[in-house]
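Read the structure below first, then the notes.
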Amino acid sequence: MTVSASFSYDVFLSFRGSDTRYGFTGNLYNALSDRGIHTFIDEEELQRGDEIRPALVEAIKQSRMAILVFSKNYASSSFCLDELVKIMECVKAKGRLIFPIFYDVDPCHVRHQSGSYGEALAMHEERFTSSKENLKENMERLQKWKMALNQAADVSGKHYKLGNEYEHEFIGKIVKEISNKINRTPLHVADYPVGLESRVQTVKSLLEFESDTGVHIVGIYGIGGMGKTTLARAVYNSIADQFKGLCFLDDVRENATKHGLIHLQEMLLSEIVGEKDIKIGSVSKGISIIKHRLQRKKILLILDDVDKLEQLRATVGGPNWFGSGSRVIVTTRDKHLLASHGVDRKYEVEDLNEEESLELLCWNAFKDDKVDPCYKDISSQAVAYASGLPLALEVVGSLLFGKGIKEWESALEQYKKIPNKRIQDILKVSYNALEEDQQKIFLDIACCLKGYELAEVEDILCAHYGVCMKYGIGVLVDKSLIKIKNGRVTLHELIEVMGKEIDRQESPKELGKHRRLWFHKDIIQVLAENTGTSEIEIISLDFPLFEEDEEAYVEWDGEAFKKMENLKTLIIRNSHFSKGPTHLPNSLRVLEWWTYPLQDLPTDFHSNKLAICKLPRSCFTSLELSGISKFMNLTVLNFDGTECLTQIPDISSLQNLVKLTFECCENLVAIHDSVGFLDKLKILSAFGCGKLMSFPPIKLISLEQLDLSSCSSLESFPEILGKMENITQLELKYTPLKEFPFSFRNLARLRDLVLVDCGNVQLPISIVMLPELAQIFALGCKGLLLPKQDKDEEEVSSMSSNVNCLCLSGCNLSDEYFPMVLAWFSNVKELELSCNNFTFLPECIKECHSLILLNLDNCEHLQEIRGIPPNLEYFSAGNCKSLSFCCTAMLLNQELHETGNTMFCLPGTRSPEWFEQQSIGPSLSFWFRNKFPVMDLCFVIGPMGKDSILFRPIMTINGNTMETQLTEKRCCLDFRALDYHILIIGTKYMKFGECLDKPLTKNEWNHVVVSIGIEPTPKDVIVKQTGLHVIKPESSMDDVQFTNPYKQPSFKEKQRLVDIVDCHRQFMQQQTTLVSLKPHVRQGGESFSLLPPQACKNNMNWDSNSTGITSTSSVQGYEIALQNLRLDMGVLQFVQQRKRLAILGLSQQRRMASLDLQQRRGREMVSLLSSPSLELMVSWQRRCITSVQGLQEQHLPSTIKQNFEGCNGIYEAKVSEMVECNSNDGNDNDRTSSPVEQLPMAKEDRVPSKKYQHVSNMAWDPMELEYLVHIQKINLSQTTQTL
């Protein structure tokens, strides 16, 4: 099993058999075979009985490249097109080459599916639509064909035109070119390439090897033995065929050391230009030659194992050294080296996961990918030991091949103590490259400080060595010896073992002479036997066992530290001692002892160098703490969790203190005033001190962090006695503060204020005086109270804050709160008001000229927004179910979104009418040329059923899916959408990256498919509608088309289009008349809307701003659309007349008639029940609302048949139900009407909007007419009972 990129075939031939099998393709196959190029041609290599499809797909995958012979009838074969799709998938996934040959075919016809290719695809489409079997899958299949043809035609190939040249000469040129492409010997990658495929794809995506623009350099870094070289070779084999010059320089570090930089330059030039005896006199001359010879050549260069910057400068000085499209890969152990050379694209090789590790181990140990069941447990131990390092898995697996289980157990136990020499030597290369002080801190971390927080490691090393060690830690990170994960310092298990082995070698036999002690058994032995010496500098005792284990208990006499005269760092955690220490060395600089066993420190302990003192969970009280004040150089003092501590005494002598914490001291009730006057104090934390009722005044000029969270008895913030300019963020969580002092303004540099569940908080009016306060987050407070204004503070209220982000989420805000708040924070840019109870936003919000973001999610009582800030870009009103129709219309106004820089989300079920291109479902398409258009996108989404949904538009341009990202961080729906929502996204919020030009066909039309991506993908999300609006004049409609510009409609299609345009114009006129009645309706008016006709719903692109339909797919589609449109017009006219009757009823409902007339009409109505036809019911209701002036009766049933003419049988059954009204015996049209007085109507018989809701919301399907008849019967029955 090797990945030396070996293939079963050199070339795969794709062609239309009936066109070229016995002519051009057959001759080409023979010529390739004669040259020794192993070529696959169908029915040649496949044995009888094989299933053609799987075998063919496998042949494509096992071929180094594919030759595509595009002939006139190629696209008429669905088999050929499916084959082409598979080939293009292989090109994209595996970097395979394709070579298109346009055999007597115009390449433009293939690229744009015009000519014979357009006709063939149209036939496929007609076949799919006519059968309607698996229609959705077949249409997706058709789209894949089009994309594959477009992508294949964009690749440089050969065009053969009959009569222009001899065919045999043309074939000779092809064979020569193919031969040059495949005459490359692939590199050996690995015997067992486990886990390589995904990593290769990641590096290839960084390289963007498919693009011919620019020169990209990618750095691959990681610790030794992680597989950097293996990965680089695999990538090389995968993409080498795309380049004109190739060079893989192995072991740059070793070659440069042995032979010098000039030798590297000579090797590089020799491999790429093909000249063997290249001699370069100097490095500078070599740089000039490389630039001159290669600056126009597209090359692939791999530099393996680089360890010095001068090596890169001599071989890869800059992108301008090589031709456009060139790619360079550098492997190194030093991440900083890449950054120093300006390499921005970097990939850190990841450990193998457990499954991959086990597979690689099995290949080496058992020569199979499955583990022997007898070795399952011991194999798991070996995998755990290797910790995903491929080198260790290969070495251990090879050494234990053929060994018994006992031998495996013995070997692994030995490796844990003393690592394998081969592994150790490879890993130690990085250690040997460090400076002496860097080696020391690496060993300190590997032996004693793994897993500590980075800030804590920095503090400990700074105290231990007396100097800052940040730079040294950074060097270790760059060389991949340590990592910082989630703020903690960690390192690979085998790197840790390497470090501990190096430390052990200093004194392999005497524990007391080790510089560092970290293994708990060794420490217990040294303490119990009192064998320590002055060589010991660090002790880190952290029991990995449970407290009840006997080994966690240390039996000693307390005298062991007397001999450790140079002990600088003592860290003891999770342990119990039989007694406390009688002596601590005065050399100590770091003392950390959890559950310290005594109530005080030894009396002879007078370390003037002690910098860090941490005694959490100790037995100290306030009196014993007084002894701490003698350590004048203390910078860190920690008494967290000390239950007996009741007060903090005078610590004014500790003027060097930088960090003071007494968190979770449950009985602490008093703090001495001296705590508030420590000039160097940067961190002060009283978190969780539940009985603390007051905090002393503070004047801490260096303070950066103050934590008073979870102090459940603290009700007032401390007075601030002077300017404190270093505290930039203040978080107060779960502390019931009632008020802030006016002196709060002394936090002059405060930028962020966070209040979480702080009860009823009264913000200080002086908050507006903080010049740098940028963000206020108040979350879940019971209420934010308006501040009281004293006479001295009145002038402050007229000021405006510089806060640009104000979050008042879930703070029970009322309507009265906003006028003053908006006056204070008129400069706010982001305003978060979600989950509140106010009912309206006042008109003064229009004065917030800087407001860009407004979030009103889950404000269920919000009804009105009385103004829109002029520069609003992001708006969200998710689940604002009470929002009025007028507000929704205002927020969806076209002028508001005409700049293309908005992102709005609000409840709604239909795209605004001003979106030119609309489609039912999750996607739509258009064509553009020249510049990508500025536009707005609209999606109707929901319900979602998720708490938070991330989304982004997806653009597929000419078959290439773009990595479209939204530029703002708030590109998610942070609410559980209970109904449909309208989402509008402008171009400003879409970022395509640097490679937008990559899929574009210059000076030609580019096909774009727009859809939306949602993460995580919910099963119940419905994308109901998608819309697109082109922003003008930034984009010209001359450069945007919503139909395929390369596919012109036939004469018959054009005639159908004219019919639809004419019918559509009539429909729009009818709709306009209907909407014009809206001002006369007092109830239910918000349900009136302009509805696109049924024709537009059926795969039609409808422009509400024009007079007609812009596109359709086929003649059949035109006919169906025309029939549906005429049907819609009939329904529309029926609805119009019903609404006119409703309007007249509303205008006359207060008129009262005599009781006699009411009874007479009641008897008449009862008589009508004998003929419950739709005509009689309509006639009765019409007469009930007729005015006393004598309204001329409307002959509705007589016009129904005319309205539905041209439907050609569609919904004939439903149309006939309405036409039947003419044949009833009691036809109103045959009666003589006379003016009558309006009936007096009872309150329950008036015409409220809900009775006509089924009319105003008339849907597409005439089936709803049956529902109309049913409702009329119910109304008639109820009225009869009332009378």
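For reference, positions follow the sequence shown, starting with 1.
- No side-chain heavy atom of Tyr734 sits under 4.5 Å from any side-chain heavy atom of Ser709.
- Looking only at side-chain heavy atoms (C-beta outward), Ile984 and Leu892 come within less than 4.5 Å of each other.
- Minimum heavy-atom separation, Pro819 to Cys844: CA-SG, 4.4 Å.
- Scanning both residues, Arg751 and Leu773, for their nearest heavy atoms gives O-CD1, 3.5 Å.
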field: Worked check of side chain to side chain donor-acceptor pair (under 3.5 Å) between Glu663 and Thr661
entry: CA-CA 6 Å; Glu663 297 179 355; Thr661 67; 5.5 Å; no
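- Every pair passing ring pair (Phe, Tyr, Trp, His ring centres under 6.0 Å) that includes a residue from residues 634-665 is listed here, sequence neighbours excluded: Phe620-Phe639.
- For Tyr452, the ring pair (Phe, Tyr, Trp, His ring centres under 6.0 Å) test picks out no residue, with sequence neighbours left out.
- Residue pairs that meet the ring pair (Phe, Tyr, Trp, His ring centres under 6.0 Å) test with at least one member in residues 827-863, sequence neighbours left out, are Phe818-Phe838.
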query: Under the side chain to side chain contact (heavy atoms under 4.5 Å, CB included) criterion, do Lys881 and Asp979 qualify, and how do the steps go?
result: CA-CA 9 Å; Lys881 57 185 180 181; Asp979 207 340; over 6 Å; no
Asn760/Gln762 under side chain to side chain contact (heavy atoms under 4.5 Å, CB included): CA gap, chis, key distance, verdict: CA-CA 7 Å; Asn760 292 309; Gln762 186 170 5; over 6 Å; no
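- Taking each heavy atom of Cys758 and Leu732 in turn, the nearest pair found is SG-O, 3.1 Å.
- Between atom SG of residue Cys805 and atom CG of residue Leu853 there is a gap of 8.0 Å, rounded to the nearest 0.5 Å.
- Within the model, atoms CG of Leu891 and CG of Leu883 stand 6.5 Å from one another, a figure rounded to the nearest 0.5 Å.
- Summarising the geometry, atom CD belonging to Gln775 is positioned 10.5 Å from atom CG belonging to Leu753; distances are rounded to the nearest 0.5 Å.
- Using a 4.5 Å heavy-atom cutoff, the side chains of Val821 and Leu806 are in contact.
- Counting only residues at least two apart or in different chains, salt bridge (Lys or Arg N to Asp or Glu O under 4.0 Å) contacts with residues 833-855 comprise Glu843-Lys846.
- For Glu453, the salt bridge (charged side-chain N to carboxylate O under 4.0 Å, His left out) criterion is met by Arg488, not counting sequence neighbours.
- The salt bridge (Lys or Arg N to Asp or Glu O under 4.0 Å) pairs that include a residue from residues 864-875 are Glu864-Arg866, Glu873-Lys988, where partners are two or more places apart or lie in different chains.
- Rounding to the nearest 0.5 Å gives a distance of 10.0 Å between CG of Leu637 and CG of Leu678.
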task: Could you please spell out the steps behind the side chain to side chain donor-acceptor pair (under 3.5 Å) verdict for Asn837 and Asn812?
output: CA-CA 6 Å; Asn837 297 322; Asn812 197 26; 2.8 Å; yes
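- Separating the CG atom in Asn726 from the CG atom in Leu750 is a distance of 12.0 Å, to the nearest 0.5 Å.
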task: Could you go through the side chain to side chain contact (heavy atoms under 4.5 Å, CB included) check for Leu708 and Leu737 one step at a time?
output: CA-CA 10 Å; Leu708 299 178; Leu737 294 173; over 6 Å; no
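- Checking side-chain atoms of Asn836 against main-chain N and O of Cys811 turns up a donor-acceptor pair under 3.5 Å.
- Between Leu721 and Phe677, some side-chain heavy-atom pair lies under the 4.5 Å cut-off.
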For residues 689-704, please give each side-chain donor-acceptor pair under 3.5 Å, one per line with the distance, not counting sequence neighbours.
residue, atom, partner, partner atom, Å
Lys691, NZ, Asn667, OD1, 3.1
Ser702, OG, Asp679, O, 2.5

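- We find the CG-CG distance between Leu654 and Leu660 to be 9.0 Å, quoted to the nearest 0.5 Å.
- A heavy-atom distance below 4.5 Å is found between the side chains of Leu610 and Leu634.
- Qualifying salt bridge (charged side-chain N to carboxylate O under 4.0 Å, His left out) partners for Lys483, counting only residues two or more places apart in sequence or in other chains: Glu348.
- Residues passing the side chain to side chain contact (heavy atoms under 4.5 Å, CB included) test with Ser653 are Ser629, Met632, sequence neighbours excluded.
- Sorted by first and then second residue, the salt bridge (Lys or Arg N to Asp or Glu O under 4.0 Å) pairs involving residues 706-733 (not counting sequence neighbours) are Glu715-Lys738, Glu731-Lys733.
- Among residues two or more places apart in sequence or in another chain, the side chain to side chain contact (heavy atoms under 4.5 Å, CB included) test is passed with Val658 by Thr635, Lys682.
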From CA spacing to verdict: side chain to side chain donor-acceptor pair (under 3.5 Å), Ser809, Glu832: CA-CA 6 Å; Ser809 180; Glu832 302 256 4; over 6 Å; no
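- For Phe875, the ring pair (Phe, Tyr, Trp, His ring centres under 6.0 Å) partners are Phe904, not counting sequence neighbours.
- The two residues Gly688 and Cys711 make their nearest non-hydrogen contact at N-SG, 4.4 Å.
- Contact of the Ile845 side chain with the Leu854 side chain is registered, since non-hydrogen atoms from C-beta on lie closer than 4.5 Å.
- Contact of the Leu833 side chain with the Leu862 side chain is not registered, since no non-hydrogen atoms from C-beta on lie closer than 4.5 Å.
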- prompt: Please walk me through it: do Ile776 and Ile767 pass side chain to side chain contact (heavy atoms under 4.5 Å, CB included)?
  reply: CA-CA 10 Å; Ile776 298 178; Ile767 200 170; 3.7 Å; yes
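- Side-chain contact check for Ile1012 versus Leu983: some heavy-atom pair is nearer than 4.5 Å.
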